[in-house]
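Down below is the structure, laid out as structure tokens.
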Amino acid sequence: MSFLRYLEEEIVRYDKRVQKILANPDPTKPKSNYLMYELERDNRISNIEAYKAGKPFATGLYPPTIFKALGLEVWDGVMASDRTGGEPAKRYFEAVQRGGLPYQVCDRTVISIPMVISGDCPKPALVVSTNWECENIPLCHNFIGKYYDLPTYYLDVPLETSERTLEYVADQFAELIEFAERYVPGAKYDEDKLIEMQTWELRWNKAYRDIYQLRKRTPCPLAGKEAFREPRWPTLYHDPSRAVKYIETYRDDLYEMADKGILPVKEEKLRLMWCISGPFYDDPFKYLESRGVSVPWWQIGNMSRVSGVGSTGIYGEEKEYGRKLSLLEEEARIVNQSAWGGLGKRWIDDALFVCEDLHLDGIVYFLQWGCTVTVGVGKILAEAAEQELNIPTLLLEGRMLDQEVYDAKKFREQLDEFLDICLENKKKLARKKANELVDKI
Amino acid sequence: MIVAGIDIGSLSGKCVILRREDGEKVVSSAVILTTPDSEGTARDVMHKALAAADLTIKDLSYIVSTGYGRVNVPLAQENITEITCHTKGINWLFPNVRTILDMGGQDCKAISCGEDGRVLNFVMNDKCAAGTGRYLERIAAILDVPLTEVGPLSLEGLNTPVEIKSYCTVFAERDVLILLREGRSKKEILAGACDAIVKRIATLMLQVGVRNDLSISGGVAKNIGIVRRLEKRFGMNIAIAPDPQIVGALGAALFALARVQ
Ligand code: SF4
């Protein structure tokens with residue numbers, strides 16, 4: 001069975017990494033890396049076991065907490081695409097081109113389709129398609145629903161947060177639960193399970209907020225690549241407790257390394273924000289580090305909100321609505337504040353907030369081809385960053401998984417050029433600040 | 001004092017020898033085709049430029065390399081990025097230029113610079129053929145028109161241009177075939193193609209902000225059809241380097257001179 005083979009290949013891959021780390025630990029990397037690979041490996045093993053046992057899977061990135069409370073397994077196709085590189089990615093891209101499918105759409109969504117067609121991911125029993133994400137991902141989920149003729153629930157997330165929209169989304173969650181119980185054999189809602197899932201999410205979120213505090217240090221103790229460690233919610237995993245254990249250990253590792261002075265950049269010349277996507281088959285971050293540049297932050301749609309930065313509230317907080325929320329309202333609050341499928345203003349406000357908060361000197365905005373939501377935001381962000389913070393932005397475009405259009409030399413050339421601009425700008429800003437101080441005295 | 005700037009591009013290697021007397025003076029320059037061996041290309045082009053000025057490598061006080069293969073030039077004391085060198089070279093030739101459009105066969109760059117010749121901002125398109133010289137090359141090939149005639153012919157078709165709606169080169173080729181079947185002339189089609197490419201370039205230029213004067217370099221500078229259209233689109237004075245191919249090497253040589261002063 002193709003699905004099993006795909007997961008089995010991944011299990012072997014992750015196991016190799018676990019063994020490699022155990023045999024030869026690298027003191028410059030977080031010790032918890034092996035926990036992460038172990039978690040990924042074992043999650044796939046659980047996927048296979050659940051699949052063999054005939055357990056129903058739900059797909060859609062949100063709401064995994066409710067999926068779990070319904071007793072469903074979660075298949076996260078978007079993240080599976082993100083982690084597909086090398087040969088499998090090539091194979092999927094070829095399948096897309098052969099099939100006359102939309103090749104120029106964003107990589108992570110392009111790849112999801114041949115994954116489904118080739119049977120490389122589990123046939124779900126329920127699909128949730130939502131505008132909480134960008135435009136392409138719900139289209140992709142609609143495709144999965146139609147391809148397998150599955151019960152598909154369309155979750156509509158409004159662009160504003162208010163009592164009214166909170167109720168609107170909470171009502172939809174109640175409807176989703178009814179829908180799943182009616183159409184998915186074996187689905188049964190358990191409120192205690194939802195409480196448990198929200199508790200795991202909260203703990204995970206707290207660890208992520210702690211890591212954010214660490215990013216404020218100069219030099220930044222996180223390597224550029226660490227900024228890209230995706231915020232993957234614990235409830236997307238078969239066993240959320242292990243995902244929480246991993247993130248908490250990872251946080252402790254980072255603090256320990258920072259306190260011991262294990263730093264990727266000893267003399268930090270610049271601090272940059274990296275936006276949207278990147279050439280993940282290459283390692284521009286190592287190169288930046290060799291030039292004394294750290295990347296404390298990666299900004300994608302929900303990054304800051306997921307990690308609690310600039311978000312209006314997380315599970316259990318009463319400030320935002322001035323009252324204790326019901327369990328489903330808590331879920332509604334989380335989706336309603338999304339920036340991903342939300343207003344461009346949220347993207348810009350979040351990015352500017354982080355730039356200021358982490359004292360960043362510039363922005364590298366790597367536009368993923370075919371990303372409809374971020375295509376126009378780059379230019380708006382560049383202008384806002386220039387006007388409000390006096391920092392420059394490098395606008396790049398490319399693909400995150402398909403290397404065919406990538407030219408490493410040209411890419412470095414543009415980075416080099418941009419670093420010179422940032423250094424010059426930093427000097428200029430420092431001079432201006434010094435002059436203002438002198439004027440005051 | 002004599003210095004050299006070497007620009008190793010993906011197609012050609014260029015070298016400029018500069019002498020400082022009362023001011024900077026270009027002593028000689030050379031252009032050769034690039035080979036896979038960047039180091040060898042750099043050596044050959046430099047020897048060619050030195051020979052033209054009756055000099056030897058011992059006469060050089062400093063060498064700066066630039067361009068795509070700049071890091072593989074061991075005989076250079078320093079390497080500097082292409083955009084910075086190009087901007088420096090243009091600034092030396094035309095001190096009033098604040099916006100630069102450099103468009104070759106493979107990529108297109110829009111650069112905004114300060115009065116000191118420093119790069120303030122830039123954007124590069126090296127992905128979409130519609131924004132590079134490849135677009136016109138393909139269309140000229142379908143129409144069987146030499147590239148050198150594309151510009152003048154496109155100006156003759158100015159009054160009755162056709163509209164090529166597809167930006168994508170592949171679809172634009174299909175549009176061209178349809179237009180030919182409809183009986184539209186080559187001039188009209190070329191006028192439409194030049195209009196389309198100018199629209200695309202303008203978008204790129206607007207991203208960095210367009211300020212007077214404008215300088216155009218790269219292969220497109222030789223296309224009078226594009227130059228006139230850009231002049232009209234932005235209402236600007238356009239400066240074109242007499243030998244646009246060596247501007248990057250010139251900039252590198254100017255940096256070399258600055259280093260030894
Ligand atoms: S890169 Fe853009 S289109 Fe692709 S998944 Fe992310 S937001 Fe959606």
Side-chain angles (χ1 to χ4, degrees), chain A residues 97 100 102-104 107 277 279 287 290-291 362-371 375-383 385-387 390-400 402-425 427-428, chain B residues 7-10 34 38 65-72 78-88 100 102 104 106-114 116-132 134 167-171 203-209 248 251 255:
Chain A
Q97 284 170 312
Y103 171 66
Q104 307 287 15
D107 284 1
S277 169
Y287 176 68
S290 74
R291 292 214 42 193
I363 302 171
V364 177
Y365 192 96
F366 184 97
L367 173 70
Q368 163 64 45
W369 273 14
C371 174
V375 66
V377 177
K379 180 69 183 141
I380 300 172
L381 176 60
E383 278 170 10
E386 172 75 46
Q387 277 163 22
N390 278 315
I391 59 169
T393 302
L394 172 64
L395 296 171
L396 296 165
E397 57 179 63
R399 303 189 71 149
M400 68 189 246
D402 186 354
Q403 330 191 13
E404 291 294 306
V405 294
Y406 182 64
D407 182 330
K409 272 191 185 167
K410 276 199 179 156
F411 194 79
R412 300 253 191 289
E413 173 94 23
Q414 292 182 78
L415 283 182
D416 279 342
E417 204 66 60
F418 182 64
L419 298 185
D420 288 348
I421 292 175
C422 289
L423 284 167
E424 191 55 37
N425 191 57
K427 270 192 233 153
K428 206 174 80 190
Chain B
D7 176 1
I8 304 298
S10 53
T34 304
S38 294
S65 64
T66 185
Y68 198 79
R70 71 179 193 278
V71 287
N72 301 323
E78 193 180 340
N79 73 74
I80 298 179
T81 58
E82 194 180 336
I83 296 174
T84 297
C85 287
H86 191 84
T87 308
K88 184 86 178 165
I100 301 167
D102 180 30
Q106 304 300 318
D107 64 24
C108 180
K109 301 172 202 104
I111 305 164
S112 158
C113 65
D116 54 357
R118 211 181 270 284
V119 179
L120 299 178
N121 194 3
F122 71 94
V123 266
M124 183 198 271
N125 163 37
D126 63 337
K127 304 277 183 292
C128 170
T132 71
R134 260 176 294 164
Y167 271 143
C168 172
T169 309
V170 179
F171 292 119
T203 315
L204 200 72
M205 289 173 63
L206 288 169
Q207 279 192 44
V208 295
F255 277 114

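Here is how names work: the chains are called A, B, and so on, in the same order as the sequence lines, proteins then strands, and each is numbered from 1. This is a predicted model, so every value here is computed, not measured. Computed over heavy atoms, backbone and side chain alike; hydrogens, waters and symmetry mates excluded.
Nearest approach of A/Gln414 to B/Phe122, heavy atoms of both residues: O-CZ, 3.4 Å. Shortest non-hydrogen contact noted between A/Lys379 and B/Gln207 is NZ-O, 2.8 Å.
From B/Glu82, atom CD reaches atom CG of A/Asp416 across 11.5 Å, with rounding to the nearest 0.5 Å. Note: A/Glu413 CD to B/Asp107 CG = 9.5 Å, rounded to the nearest 0.5 Å. Within the model, atoms CD1 of B/Ile83 and CD1 of A/Ile421 stand 8.0 Å from one another, a figure rounded to the nearest 0.5 Å.
Counting heavy-atom neighbours within 6.0 Å of A/Lys428 NZ, excluding the residue itself, gives a total of 12 or less. Within 6.0 Å of CZ in A/Arg291 there are more than 12 heavy atoms belonging to other residues, nucleotides or ligands.
Contact of A/Glu383 with chain B is not made at all, since no heavy-atom distance falls under 4.5 Å. Residue B/Ile111 does not touch chain A at all, counting heavy-atom pairs closer than 4.5 Å. Neither the backbone nor the side chain of A/Leu396 comes within contact range of chain B; no heavy atoms are under 4.5 Å apart. Neither the backbone nor the side chain of A/Asn425 comes within contact range of chain B; no heavy atom of the residue lies under 4.5 Å from a heavy atom of that chain.
Each of B/Asn121, B/Ile80, B/Val119 was compared with A/Glu417 under the side-chain contact (heavy atoms from CB on, under 4.5 Å) criterion, and only B/Val119 meets it.
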